[in-house]
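So you know, we letter chains A, B, ... as the sequences are listed, proteins then strands, and number each from 1.
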Number of protein chains: 2
Amino acid sequence: MDVQRLELLRELAERHSITEVARATHRTPSAVSQQLKVLEREAGLPLTERSGRGLILTDAGRALARSATNVAVALARATAVWDEFRNDATGEVSLVTFPTAGEMLLPGALREVAAVPGLVVNCTDKDPELSDFPALTAEFDIVLAYSLRGQLPWGGRGLTVVPLMTEPLDVGLPADHRLATRTWLTPADVVGETWIGAPHGYPFERILHQIEQKAGSPVIVAQQFADLRVIEAFVVAGLGIALVPRYTWGGDQPGRLVLKPLRGVDAERQIVALMRPDRAERLAVRTVVDVLRTEAARVQATHAAIAPAP
Amino acid sequence: MDVQRLELLRELAERHSITEVARATHRTPSAVSQQLKVLEREAGLPLTERSGRGLILTDAGRALARSATNVAVALARATAVWDEFRNDATGEVSLVTFPTAGEMLLPGALREVAAVPGLVVNCTDKDPELSDFPALTAEFDIVLAYSLRGQLPWGGRGLTVVPLMTEPLDVGLPADHRLATRTWLTPADVVGETWIGAPHGYPFERILHQIEQKAGSPVIVAQQFADLRVIEAFVVAGLGIALVPRYTWGGDQPGRLVLKPLRGVDAERQIVALMRPDRAERLAVRTVVDVLRTEAARVQATHAAIAPAP
DNA sequence: ACATCCATGTAGCTAAGCTACACACTCCCT
DNA sequence: AGGGAGTGTGTAGCTTAGCTACATGGATGT
């Protein structure tokens, strides 16, 4: 069976539209349609069926698309093998990050990457809801994503996930707050406070729910911001307290914002690299991921040194 | 990378000659040569080098050929997936067997296979030396082979090996032999006898060596035959004793030939199905192998019932 | 030294797969 | 209801990858 056609089917499984597949593969929709029709004839059973004006895969189609992924992985691994033979981690790698990880990891990582000649990394930042991370793998080689402990929204979807670090989420307080002298806090300590929260779909929301459950009373969320800088400004202004990622909080509020660890709830997030399995095999991609891993370890070690965990 | 070209490289790794690859893939040598040249240009480094009038693979070429096998496996698995969807174990499967296994397993197995419409099995028999079994996988989908315990001549070569049964090798005696009343024998019992052996490269030879080692004196091998029927005839004629596979000995010498188990040496052989990994994934091939496995179990159970092991 | 077997060039053809355009269908919005 | 914008799918025609047929040059062995 022709592997190109399988590839098209696999793209269709992700993009849910022939037009989109055509755009992604630099082809005409007609060409895609024709090739899928040939594939269907060879298979001898329907792989797609119309649903409204788009079309969706049948069970057989989905199963075949899954196999197609394995083929793509084997193929990518083959090209990686000979890239290794030439020691040639060359090419373009596209990466999308959420803001805080971009700030924390990318500058250091890209400095390392610059040492590899011919390796180009194109970065963008997006601030998606938690559930939207997997969809980005269709567009980008590497997706920096986060999740809370135990929660794996990208499990079972056949994506490759490489853990980079786990980052504690502390409680950010103004320096003159009544709790600012404590070494650590419990849900009961903070449940009565006014909170600066995050919009729906962001993980911090879940931790506030945990605090409510542990303390037995609801928290008061005054504002909801996606941008951490804004949140920090509000905290410093005394308008509330907030959950702040320990390694990521801004140095632009020195002395005016203090972080206190939270005990009794799983207050940490996992930062991972999320990839389509075939793309994860490319030597250039693997090189970038390796750099990210060491950079993450470096950041974590640095913070542990200057402020040892309680 | 084009998978067809990788396939050609893989064939070249096995057949060691462009002409042979061309013959096997129904192409002209020129076409094969051109495609390999394209592959080499894409790879950016030499994959083959001339050796005399033929050519051999470079290290890079071999590594790439190995990856090509994984691609072929993934691809074969994909076509198997949709064959399963259609419940369509159709096609031709070629099989080569050594004589005794062919006699023991194939009639029953092919009767089972006949129940699957559209599944055709083409069988041949060959009586190769032990070391020649792997080469046959280039030509046949399934190779029935045997090996002694602990010995795996086809390990590390990337072949798929499915165990079918382990068959004890007993000592065949004429019915009026002085040892014919014993229930089992030791190396010391039989080392002084005159033996009918097998030619070089056959596994029985190794067991005779083991007998010599255990008993401490050399055995006398009078004749060397490959065909078991001939051996049995010589034994019945009182010209010597011989190692005889327990499940395979002929019923054409009823009462005139008795088998006695041998203790103290590893007197058994493993009968396995040997396949190229990609071919092993074909649904039709897997179906035939499954039938062979159950048939082997049936034969083994039947013998255990009529003559329980000591 | 000649015959033989090999890989590999070159010219030319066939057919797979693309684009461009036209058409049919579903949805949504006024 | 009825366009308009979205979808997938046919048809005609072209481009080119990849094949065959034949010729060439190097290595082997008698």
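At the heavy-atom level, A:Gln34 lies under 4.0 Å from base atoms of the strands shown. Here B:Thr19 lies in heavy-atom contact (under 4.0 Å) with sugar-phosphate atoms only. Here B:His26 lies in heavy-atom contact (under 4.0 Å) with sugar-phosphate atoms only.
Atoms CG (B:Leu12) and P (C:dA7) sit 8 Å apart, rounded to a whole Å. Atom P of nucleotide D:dC19 and atom CG of B:Leu36 are separated by 11 Å, given to the nearest angstrom. Between the CG atom of A:Leu9 and the P atom of D:dG8 there is a distance of 14 Å, given to the nearest Å. Look at CD on B:Glu20: it is 9 Å from P on C:dA7, rounded to the nearest Å. Rounded to whole angstrom, the span from the CZ atom of B:Arg41 across to the C1' atom of C:dG9 amounts to 14 Å. As rounded to whole Å, 16 Å separates atom P of C:dT8 from atom CZ of B:Arg27. For the pair A:Glu49 CD and C:dC25 C1', the interatomic distance rounds to 16 Å; values are reported in whole Å. Atom-to-atom, CD of B:Gln4 to P of C:dG17 comes out at 10 Å; the value is rounded to the nearest Å.
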Before you tell me yes or no, could you show the steps for B:Arg282 and B:Glu92 under salt bridge (Lys or Arg N to Asp or Glu O under 4.0 Å), namely the whole-Å CA-CA distance, both residues' side-chain angles and the distance that decides it to 0.1 Å? CA-CA 11 Å; B:Arg282 282 181 52 202; B:Glu92 299 204 357; over 6 Å; no

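Counting only Watson-Crick and G-U wobble pairs whose two distances sit under 3.5 Å, DNA chain D takes part in these stems of three or more pairs: C:1-30 with D:1-30.
Counting only heavy atoms from C-beta outward, the side chains of A:Leu64 and A:Leu47 approach each other to under 4.5 Å.
Under the 3.5 Å distance criterion, with hydrogens and angles disregarded, no donor-acceptor pair is assigned to the side chains of B:Thr28 and B:Arg23.
Looking at which nucleotide of DNA chain C each of A:Arg50 and A:Val38 is closest to, the 5′-most match is held by A:Val38.
Contact check on A:Glu84 versus A:Arg286 returns a salt bridge, with a Lys/Arg side-chain nitrogen under 4.0 Å from an Asp/Glu carboxylate oxygen. A:Glu139 and A:Arg276 are not joined by a salt bridge, as no carboxylate oxygen comes within less than 4.0 angstrom of a charged side-chain nitrogen.
Look at B:Lys37 and you won't find any side-chain N or O under 4.0 angstrom from OP1 or OP2 of C:dA7. OP1 or OP2 of D:dC19 has at least one side-chain nitrogen or oxygen of B:Gln35 nearer than 4.0 Å.
A donor-acceptor contact under 3.5 angstrom links the side-chain atoms of B:Ser30 to the base of C:dG9.
Residue B:Ile18 has its side chain nearest to C:dA7 when only C:dT19, C:dA7, D:dG18 are considered. The nucleotide whose nearest atom lies closest to any side-chain atom of A:Arg53 is, among C:dC6, D:dG18, D:dG6, D:dG6.
A distance of 7.5 Å separates OG1 of B:Thr58 from CD of B:Glu40, quoted to the nearest 0.5 Å. Atom-to-atom distance recorded for A:Leu283:CG and A:Arg86:CZ is 10.0 Å, nearest 0.5 angstrom.
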